Each structure stands twice: as structure tokens, then as C-alpha cells.
Protein chains: 2
Amino acid sequence: MLSPIRAKSFDTDHLFDAALPTPGACLRLTRDEEIFGEGEDADYIYQVVSGSVRTYRILRDGRRQVDAFLFAGDYFGWEMGEAHRVTAEAMCDTSVRMIRRGALSDLVARRGDAARAVFHLTAEGLQRSQDHVLMLGRRSAIERVVGLLLDIAQRTRADAEIDVPMGRQDMADYLGLTIETVSRALTSLQDEGLIALPTVRHVVLKDRRALERMVL
Amino acid sequence: MLSPIRAKSFDTDHLFDAALPTPGACLRLTRDEEIFGEGEDADYIYQVVSGSVRTYRILRDGRRQVDAFLFAGDYFGWEMGEAHRVTAEAMCDTSVRMIRRGALSDLVARRGDAARAVFHLTAEGLQRSQDHVLMLGRRSAIERVVGLLLDIAQRTRADAEIDVPMGRQDMADYLGLTIETVSRALTSLQDEGLIALPTVRHVVLKDRRALERMVL
DNA sequence: CGCGTGCTTGAAGGGGCTCAACTCCCGTGG
DNA sequence: CCACGGGAGTTGAGCCCCTTCAAGCACGCG
């Protein structure tokens, strides 16, 4: 997935390090606390240090679409315009680093490898969004849930046991479903012996191979 | 939408001009001709000169998800890895410009404003993808069709009369619907007097205000 | 212990899908 | 000029998956 290692180039995980002399510029947040809101000025770019974050948009009539879940190491808040297009909230106790857009621009102007890192990260976000589109456009409810579980497992570097950081409503709004359908999908996966649900936010992937086959 | 004009910066429409001394490096394509395929090496970045292009992915069982429609001026083929993640095809007689990824990298390394232009374009693609997600996740069939019509109108700079460059199957696979549902949505919009369909690929937006209200 | 919030389960309804027939173009050739 | 054929689009009927509405359950917290 990652490009071959190049000497002296930024590891994308540490893009901010070069621009942030004091790595203590952290924001600490509690459950459901807003980081920024849709329409607000996009002055900063963020990186999750610990915890997890959701971004979403809301339609006039209240329908909500969760755009992305962000975990430790993930960057968010790349907005090309002046305003944020989504709202970002912590899903649990979370800390994030911030950097002024201007500071990042300067870094990019000074160092070509930083530009490459930024491009890489944006492209990664684009890929995620494209996968999300495929999921919503052409997959059944169960396939969507399986896709999300595998995605969480991969991105939190868990293998068989995963801690689901979000509630059913967040899952539903990410997958374009209702909480009831998500719940039914999970129990049906459990009935088929593909997963186990020791607690409501803890999932055991009992047959990962079979689950992966379901989403190609 | 666009950032304020900066002296000496690239107009994103003309990003390639600086990197392409001979602007004749064009590829001419006919209907349904493939530009690149999923999994192939991503050596080039492309820009539509005239005509229109679709990008898509196909699932094992044949389900297809159209990722994007590209019109004159649009760039495509931004892949961060070595391989294309989608297939790109011309939807009609089309010509595209190409530039080696390496040449673009060089340009970006040499000129900071090119980096900004590239970032801008990638971010634009990301925004489109996010809007697509919202469409697929939380909108009804009719709302999706209206959204597509308005998007085409805007991006082809048409006001009331639009030429739909794609067939019903392409629309359906972009919107996560079936051709029958797309067709029914169009006739129901016609019945309500919101649009007219003089021919199958020609749509008149009779009440644009009302249509825009439908998608917020 | 009781209450509340979030999750699960059930029953009924609906929006979009499936399958199938039909229509409309449009190009081709007699 | 019309007959023919074929692909694309439309329309119809029935079904199914997901939603809606409603009730029941479980866990956590005062």
C-alpha cells in the first residue's frame, strides 16, 4: 500500500512533527464533544493522537450521513475551501493535534517531500471515500456491516478481537442503514458463527477468511 | 468555490500547460473505449479535453459502481499507489491529454504553486466523492436522479437544457439504482412538470428552483 | 434498587428490485 | 421507401429487503 521508503522523506504518520516544534499542542476531548462544525472556518488540520473521531453531515430533514471514522494516526480537516464541509466530533475520550493550515502550507512550500506526504494523505482519504461509495451503492446490509468490521479491524491493527468505538447509530449512519438493520445484521452474522458479540461494543471475528470473501 | 486569485499561481484548469511543452499530446477515443483498466500501472494523469469519461469498479458477481463522470477540463487518474483502482472509459467521442506522473512530480517539486494546484484538485475530487456518499447513503431514488441532473447542469455549464452524455445504465450504476428505477424517477419528474424529456438524452429543467429544493 | 439509555426483537408496510412484456429509435438492407 | 432487426428505454406486476413503528430487554449509573 505504502510507497517504497525514500531516504529523508516524511513518514506520513509524522508529517506534523517537522512543522510542530512543540509536540504538546494537543486538544483533549470527551465523548460527543465537537472539534469543528460544518460551515466553520477551516483554519486547522488535525491528527488523532488517541481515541477516535467521526465526521458527518446532516440534511435539512435530520437525516445524517457519517462521512468517516478516524483513528489514532489519521488526519482530518483537509478542506480546500475556507469552511469545513463536515462536523467532527470525538466518539470517546480523545486527543488530537492541530496545525494551522498556513504552517502546513509553508512546510509544503519549503520541502517537496512534505508536499508528497500531503498528496499521499489526501489521496488516501479519496480512496477511503471511493470504497465508501462502492459500499453504499452496491452492497447489501450484511456486506456493509462486514465491510465496516473488517475496516475497523485493519485500521486499529486488531486481528480477531475488535473494540467498536461507535454506537449502533453511528454505524447505521455511516452505512446508510437504520440501527435496527445493523443490529439484525450483527445477530445474523453471530447466528451463522462468523462473529461473536461478547459485549455490545466488542466483536470477535471468528472466521475472518469467510468474512473477507463476503466483501471480495 | 475557488480560492481567491493569486498572482502567478496556476489556474487549476491549466495545470498541465506548464508541464507540457507540446500541448498536442492528446489521446482520441471513441464510445466505450477504455483509457485504463483497474489494476493497470498508473503511469499517467489525464485531463478531459472534450467529450466525457466514466470511471468505475466491478464486484466479483458483476455488480458495477460508477465512481465518477468526468467532463471537459476535469482531471482523473490520481492514484496514489502504483496501480489504477478504477477503470476509465470514454462515454462518447472524447479526447484527453496525458502527463507522466513523474513529470507532474517534478513540476510540483519545482513550483510550490503547482503543489497547491494539485492539492486543490485532489481535494475537489474528495469533495465530489463525499457528496456522492451523502447521495447514496441518505437520499431516495428521485433525489439521487435530481442530484445527478443538477450536477451535470452545473459542471457542463448548462442552465435549463442539458445533454445527458450517459445512458440509463451508467446513471443507475452511478446512483446505486437500477435502470428501471432511474427511468421511473425521470417519468415521475416529468409528470410533476419539473423536467421535460424531448429526447432520451436531452433533459429540460423546467423548474430548477424546485429541483434544487429537493436536494437542499 | 430503579430508572434510563442504548440495543435487540417483532410485525407490518413500502420503496426499490426482479422479471417480463412492450415501445421507440435508428441503422441497415432489400 | 419500407421492412426488418436490435439495442435502449419504458411500463407493469409481484416480491423482497430494508424501514417503520412498537415493544421488550440489558446493562450501567444514580
Side-chain angles (χ1 to χ4, degrees), chain A residues 30-32 54 59 61-66 89 91-93 135-149 163-192 195-203 214, chain B residues 30-32 54 59 61-66 89 91-93 135-149 163-192 195-203 214:
Chain A
T30 59
R31 196 164 184 278
D32 294 333
R54 66 175 162 254
L59 271 53
D61 58 9
R63 284 177 288 181
R64 187 179 77 146
Q65 177 64 49
V66 170
E89 288 174 357
M91 294 197 289
C92 52
D93 286 358
M135 185 120 118
L136 295 177
R138 288 298 178 220
R139 309 203 100 110
S140 69
I142 290 200
E143 290 171 332
R144 294 183 204 188
V145 170
V146 170
L148 176 57
L149 292 179
D163 276 310
V164 182
M166 74 287 288
R168 297 293 186 264
Q169 188 66 61
D170 283 333
M171 297 176 71
D173 286 346
Y174 178 76
L175 299 173
L177 301 169
T178 59
I179 45 174
E180 294 93 331
T181 302
V182 170
S183 183
R184 277 186 254 267
L186 286 168
T187 57
S188 107
L189 287 167
Q190 191 174 30
D191 292 347
E192 293 170 40
I195 65 168
L197 290 159
T199 81
V200 90
R201 293 204 176 197
H202 201 86
V203 181
M214 293 179 70
Chain B
T30 60
R31 196 165 183 280
D32 294 333
R54 66 173 161 257
L59 272 52
D61 58 8
R63 284 177 289 181
R64 186 179 77 146
Q65 177 64 50
V66 170
E89 288 175 357
M91 293 198 291
C92 53
D93 286 357
M135 186 119 118
L136 296 177
R138 288 297 178 220
R139 310 202 100 111
S140 69
I142 291 198
E143 290 171 333
R144 295 185 204 189
V145 170
V146 170
L148 177 57
L149 293 178
D163 276 310
V164 181
M166 73 288 286
R168 297 292 186 265
Q169 187 66 61
D170 283 333
M171 297 177 72
D173 287 345
Y174 177 76
L175 299 172
L177 301 170
T178 59
I179 45 174
E180 294 94 331
T181 302
V182 171
S183 183
R184 278 185 254 266
L186 286 167
T187 57
S188 106
L189 287 167
Q190 192 174 28
D191 292 347
E192 293 170 40
I195 65 167
L197 289 159
T199 80
V200 90
R201 294 206 175 197
H202 203 85
V203 181
M214 293 179 69

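Just so it is clear: chains get the letters A, B, ... in the order the sequence lines come, proteins before strands, and each one is counted from 1. Model, not experiment: these values are computed from the prediction.
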> Quick one, A/Arg138 with A/Glu143, criterion side chain to side chain contact (heavy atoms under 4.5 Å, CB included). Give me CA distance, side-chain angles, the key distance, then yes/no.
CA-CA 9 Å; A/Arg138 288 298 178 220; A/Glu143 290 171 332; over 6 Å; no
> Can you list, by residue number, the residues of residues 175-191 of chain A that have a non-hydrogen atom closer than 4.0 angstrom to DNA chain D?
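Heavy-atom cutoff 4.0 Å gives A/Gly176, A/Leu177, A/Thr178, A/Glu180, A/Thr181, A/Arg184.
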> In sequence, state the C-alpha distance, the side-chain angles, and the governing distance for A/Arg139 and B/Leu59, and then conclude on side chain to side chain contact (heavy atoms under 4.5 Å, CB included).
CA-CA 10 Å; A/Arg139 309 203 100 110; B/Leu59 272 52; 3.7 Å; yes
> In whole Å, what is the span from the CZ atom of A/Arg139 to the C1' atom of D/dC18?
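Those two atoms, CZ and C1', are 18 Å apart.
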> To the nearest angstrom, how far is A/Arg64 atom CZ from D/dT19 atom C1'?
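It is 18 Å, rounded to the nearest whole Å.
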> In whole angstrom, what separates A/Ile142's CD1 from D/dC16's P?
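Going from A/Ile142 (CD1) to D/dC16 (P), I get 16 Å.
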> Mind calculating the distance between CZ (B/Arg201) and P (C/dC26) to the nearest angstrom?
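Atom CZ in B/Arg201 sits about 11 Å away from atom P in C/dC26.
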> Give the intermediate values and the outcome of side chain to side chain contact (heavy atoms under 4.5 Å, CB included) for residues A/Val66 and A/Met166.
CA-CA 11 Å; A/Val66 170; A/Met166 74 287 288; over 6 Å; no
> Please classify the nucleic acid contact of A/Ser140 as base, sugar-phosphate, or nothing, using heavy-atom distances under 4.0 Å.
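Since only primed, P, OP1 and OP2 atoms lie under 4.0 Å of A/Ser140, the category is sugar-phosphate.
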> May I have the distance from B/Met171 (atom CE) to D/dA8 (atom P), rounded to whole angstrom?
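To the nearest whole Å, that distance equals 16 Å.
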> One pair to check against side chain to side chain contact (heavy atoms under 4.5 Å, CB included): B/Arg54 and B/Asp32. What are the steps and the verdict?
CA-CA 9 Å; B/Arg54 66 173 161 257; B/Asp32 294 333; 2.7 Å; yes
> In whole angstroms, how far is the C1' atom of D/dT20 from the CG atom of A/Asp61?
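These atoms are roughly 15 Å apart.
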> Using whole Å, report how far NE2 of B/His202 lies from C1' of C/dC24.
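Atom NE2 in B/His202 sits about 18 Å away from atom C1' in C/dC24.
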> Show which side-chain atoms of residues 182-191 of chain A pair as donor or acceptor with protein atoms under 3.5 Å away, not counting sequence neighbours.
{"from": "A/Thr187", "atom 1": "OG1", "to": "A/Ser183", "atom 2": "O", "distance (Å)": "3.4"}
{"from": "A/Thr187", "atom 1": "OG1", "to": "A/Arg184", "atom 2": "O", "distance (Å)": "3.0"}
{"from": "A/Ser188", "atom 1": "OG", "to": "A/Ala185", "atom 2": "O", "distance (Å)": "3.4"}

> Take the protein atom CG of B/Leu197 and the nucleotide atom C1' of C/dC25, then report the distance between them rounded to whole Å.
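Interatomic distance, CG of B/Leu197 to C1' of C/dC25: 15 Å.
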> Among residues at least two apart in sequence or on other chains, which ones pass salt bridge (charged side-chain N to carboxylate O under 4.0 Å, His left out) with B/Arg144?
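Checked B/Arg144 against salt bridge (charged side-chain N to carboxylate O under 4.0 Å, His left out); zero matches.
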